[in-house]
Engineer: 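Quick one: the structure is below, questions incoming.
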Amino acid sequence: MPPEPDAVVPGAAVPDRARSDACPGALRLHTADDGALARVRLPGGLLTDRQALALAGAAETLGDGRLEITSRGNVQLRGLASDCGGELAERLRAAGLLPSDTHERVRNIVASPGPGAGPAEGSADVRAWARALDAALCASPWATGLSGKFLFALDDGRGDVAALDADVTLIAGPDGTALLRLGRAATARPVPAGRAVAAALDAAREFLDAQRAAGLRAWHLRELPDLLPPGPVPLAPPAGTRPPLGALPGGGLHVGLRFGVAAAGQWRALVDAAEGELRLTPWRGAVLPGAPAGRLPALAAAGFRTAAGTAWDGASACTGLPGCAKSRSDVRADAARALDGSTARGAGPQPGAALLPVHWSGCERRCGHPAGRRVDVLATGEGYRVAVTGGPQGRDTAVEVTNELMAAAVAAARRTT
């Protein structure tokens with residue numbers, strides 16, 4: 001099985017990106033089989049209720065009426081007419097969702113979505129970091145040289161988004177400091193919390209300057225790991241613990257969406273439950289910081305996942321057919337049947353145990369796959385190839401199964417330790 005896109009294989013030649021990346025944006029629409037696609041960057045996943053409603057209106061009026069949360073907490077609109085770019089841009093500008101035409105594709109910032117700060121919720125509220133970093137990126141002419149795939153992660157100290165292996169990660173400490181991690185390094189640089197955003201921006205610029213000096217071009221810092229000096233502080237592997245679904249210990253709610261997709265009506269139900277603010281997560285869900293627990297039943301009735309303990313925990317899939325011509329199968333329909341069947345059979349997480357994340361892909365590009373160890377389910381055209389991958393031991397032996405046997409193979413692989 002070939003490596004995932006952008007992966008660095010030990011011993012392989014350093015990639016030199018001769019072309020710019022083709023990541024879609026709010027102004028650069030991508031042509032898919034189901035129409036044009038727009039990706040709206042939402043630094044930190046932060047949305048006001050007015051902005052969220054503007055996105056729902058755009059999806060209904062200009063697209064297929066659905067909104068999709070990406071693995072970076074951004075929003076995609078699909079099924080757009082090829083000539084709607086101007087109207088979409090006007091709608092986004094009016095809602096404050098397009099602060100810079102020149103920098104809109106480089107505003108890739110994920111942040112810990114917890115509703116507050118404190119020992120139980122993390123060492124810092126990183127929303128201020130997200131807003132400051134976004135403003136600094138948009139004000140830096142050189143930042144347009146970053147790839148549309150380059151990612152910043154702002155972790156409040158609990159290790160949730162630090163596990164995403166971003167290009168530049170800030171980890172808040174309990175004593176007014178922060179740690180700056182570059183790519184997948186096992187060490188970090190300590191920086192004062194007051195300089196954390198400036199340090200993250202400096203690291204991105206140093207990466208651009210270093211690769212130009214070396215005569216190379218890369219999309220990710222991990223592709224050229226030796227260009228920048230490592231930090232002196234050893235780092236433990238980040239916990240990667242996601243906020244639980246349902247009522248959060250620090251207040252507010254966390255709900256999930258099946259494959260990150262919501263119809264506009266569902267989206268409005270989400271906005272109705274929020275208290276003026278939504279925080280979209282890289283796990284394709286939403287944190288509603290001020291929402292009371294009493295709103296969970298209405299959200300569950302609207303189709304949101306409001307509790308853990310099913311086979312849907314940690315499950316994701318690419319678009320698949322009919323939206324993507326490269327896909328060999330309608331992977332989301334196949335995955336949903338497998339997950340619903342496993343849940344009905346009680347094959348979800350057992351008390352005290354966890355399932356490996358699982359991602360279904362329609363082709364070898366594996367779009368949207370999560371970082372780290374996972375079950376990789378790849379459509380072959382005649383069924384699926386199931387393997388455990390992403391861990392330090394490398395890719396395990398794959399098994400090829402028919403569609404009918406895929407669910408059982410996936411359930412067994414997810415219990416691999």
Side-chain angles (χ1 to χ4, degrees), residues 25-27 38-63 65-70 72-77 87-101 103-105 107-117 121 124-139 152 154 156 161 197 243 248 250-257 260-292 295 298-299 302 304:
L27 300 177
R39 184 175 298 160
V40 183
R41 265 67 174 186
L42 304 173
L46 301 177
L47 273 176
T48 66
D49 53 359
R50 183 178 73 89
Q51 291 172 329
L53 290 174
L55 288 172
E60 281 186 321
T61 305
L62 305 176
R66 297 184 299 169
L67 303 99
E68 183 174 9
I69 302 177
T70 75
R72 293 181 169 190
N74 296 318
V75 164
Q76 290 186 163
L77 307 179
E87 183 177 351
L88 175 61
E90 289 179 9
R91 286 170 175 261
L92 296 177
R93 288 192 189 96
L97 292 169
L98 191 58
S100 170
D101 286 8
H103 290 67
E104 59 98 7
R105 290 195 320 122
R107 301 169 66 228
N108 294 307
I109 304 171
V110 296
S112 297
E121 294 84 31
D125 184 342
V126 294
R127 287 176 297 172
W129 280 0
R131 295 188 178 104
L133 179 56
D134 182 33
L137 272 173
C138 290
F152 296 88
L154 310 177
D156 65 7
V161 299
V197 168
L248 294 172
L253 306 177
H254 178 209
V255 298
L257 290 74
V261 178
Q266 285 180 290
W267 192 261
R268 290 193 173 91
L270 189 66
V271 176
D272 288 343
E275 292 289 333
E277 179 186 356
L278 300 86
R279 302 179 192 173
L280 306 187
T281 76
W283 310 290
R284 296 181 172 89
V287 166
L288 313 179
R295 294 184 179 167
L299 289 168
F304 292 96

Engineer: For L88 versus A38, what's the shortest heavy-atom pair and its separation?
Structural biologist: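 Distance-wise, the nearest heavy atoms are CD2-CB, 3.6 Å.
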Engineer: Between the side chain of E104 and the main-chain N/O of L27, is any donor-acceptor distance below 3.5 Å?
Structural biologist: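 Checking the backbone N and O of L27 against the side chain of E104, a donor-acceptor pair under 3.5 Å is found.
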Engineer: Compare all side-chain heavy atoms of P113 with those of W283 and state whether any distance is below 4.5 angstrom.
Structural biologist: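 Yes, close enough: below the 4.5 Å cut-off.
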Engineer: Between L77 and L67, is any pair of side-chain heavy atoms under 4.5 Å apart?
Structural biologist: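 SC-SC contact between L77 and L67 confirmed.
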Engineer: Closest heavy-atom contact between I69 and R284?
Structural biologist: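 For I69 versus R284, the nearest heavy atoms are O-CG, 3.4 Å.
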Engineer: Side chains of L42 and Q51: does their closest heavy-atom pair fall under 4.5 Å?
Structural biologist: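 No, their side chains stay 4.5 Å or more apart.
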Engineer: Would you indicate whether R268, at its atom CZ, is surrounded by more than 12 heavy atoms from other residues, nucleotides or ligands within a distance under 6.0 Å?
Structural biologist: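 Yes, because the 6.0 Å sphere around CZ of R268 holds more than 12 heavy atoms from other groups.
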Engineer: Find out whether D156 and V161 are in side-chain contact, i.e. whether some heavy atom of one side chain is under 4.5 Å from a heavy atom of the other.
Structural biologist: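 D156 vs V161: side chains apart.
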Engineer: How close do S100 and H103 get, heavy atom to heavy atom, and via which atoms?
Structural biologist: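 For S100 versus H103, the nearest heavy atoms are OG-N, 3.1 Å.
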Engineer: Quick check: does any side chain N or O of S112 sit under 3.5 Å from a backbone N or O of G114, one acting as donor and the other as acceptor?
Structural biologist: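 No, because the side chain of S112 does not come within donor-acceptor range (under 3.5 Å) of the backbone of G114.
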Engineer: Hey, what do you get for CZ (R50) to CG (L97), rounding to the nearest 0.5 Å?
Structural biologist: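 So the CZ of R50 and the CG of L97 are separated by 8.0 Å.
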Engineer: Between V40 and L98, does the side chain to side chain contact (heavy atoms under 4.5 Å, CB included) criterion hold? Intermediate values first, please.
Structural biologist: CA-CA 8 Å; V40 183; L98 191 58; over 6 Å; no
Engineer: For E275 versus P292, what's the shortest heavy-atom pair and its separation?
Structural biologist: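 So the minimum-distance heavy-atom pair works out to OE2-CD, 4.2 Å.
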Engineer: Considering all heavy atoms of both residues, which atom of A264 and which atom of E60 are nearest to each other, and what is their separation?
Structural biologist: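 Between these two residues, the closest heavy atoms are CB-CG, 3.4 Å.
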Engineer: For W129 and V197, indicate whether the former's side chain and the latter's backbone hold a donor-acceptor pair under 3.5 Å.
Structural biologist: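 No: the side chain of W129 does not pair with the backbone of V197.
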Engineer: Go through L62 and R91 one step at a time and tell me if the side chain to side chain contact (heavy atoms under 4.5 Å, CB included) criterion holds.
Structural biologist: CA-CA 11 Å; L62 305 176; R91 286 170 175 261; 3.9 Å; yes
Engineer: Is the side chain of R295 donor-acceptor paired with the backbone N or O of A273 at a distance under 3.5 Å, no angle test?
Structural biologist: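 Pair found, side chain donor or acceptor close to backbone of A273.
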Engineer: Should the pair D101-R93 be classified as a salt bridge under the 4.0 Å nitrogen-to-oxygen rule?
Structural biologist: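 Yes.
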Engineer: What pair of heavy atoms forms the shortest contact from A262 to W267, and how long is it?
Structural biologist: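 It is CB-CE3, 4.2 Å.
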Engineer: CD1/I109 to CG/L154 distance, rounded to the nearest 0.5 angstrom?
Structural biologist: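 The CG atom of L154 is 6.5 Å from CD1 of I109, to the nearest 0.5 Å.
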Engineer: Yes or no on side chain to side chain contact (heavy atoms under 4.5 Å, CB included) for N108 and N74, after CA distance, side-chain angles and deciding distance?
Structural biologist: CA-CA 8 Å; N108 294 307; N74 296 318; 3.8 Å; yes
Engineer: For the pair R279 and E277, find out whether any cationic side-chain nitrogen is under 4.0 Å from an anionic carboxylate oxygen.
Structural biologist: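 Answer for the salt bridge query: yes.
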Engineer: Roughly how far apart are R41 CZ and T70 OG1, rounded to 0.5 Å?
Structural biologist: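 Separation between the atoms: 8.0 Å.
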Engineer: Run the side chain to side chain contact (heavy atoms under 4.5 Å, CB included) check on V110 and T281 step by step: do they pass?
Structural biologist: CA-CA 8 Å; V110 296; T281 76; over 6 Å; no
Engineer: For the CG atom of L280 and the CG atom of L278, what is their distance to the nearest 0.5 Å?
Structural biologist: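 If I round to the nearest 0.5 Å, the distance is 6.5 Å.
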Engineer: Rounded to the nearest 0.5 Å, what separates atom CG in L288 from atom CZ in F304?
Structural biologist: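 Between L288 CG and F304 CZ, I get 8.5 Å after rounding to 0.5 Å.
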Engineer: With rounding to the nearest 0.5 Å, note down the distance linking CZ in R107 to CZ in R72.
Structural biologist: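 If we round to the nearest 0.5 Å, R107:CZ and R72:CZ are 14.0 Å apart.
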Engineer: Would you say the side chain of V261 lies within less than 4.5 Å of the side chain of L257, judging by non-hydrogen atoms?
Structural biologist: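 The answer is no; the side chains never approach within 4.5 Å.
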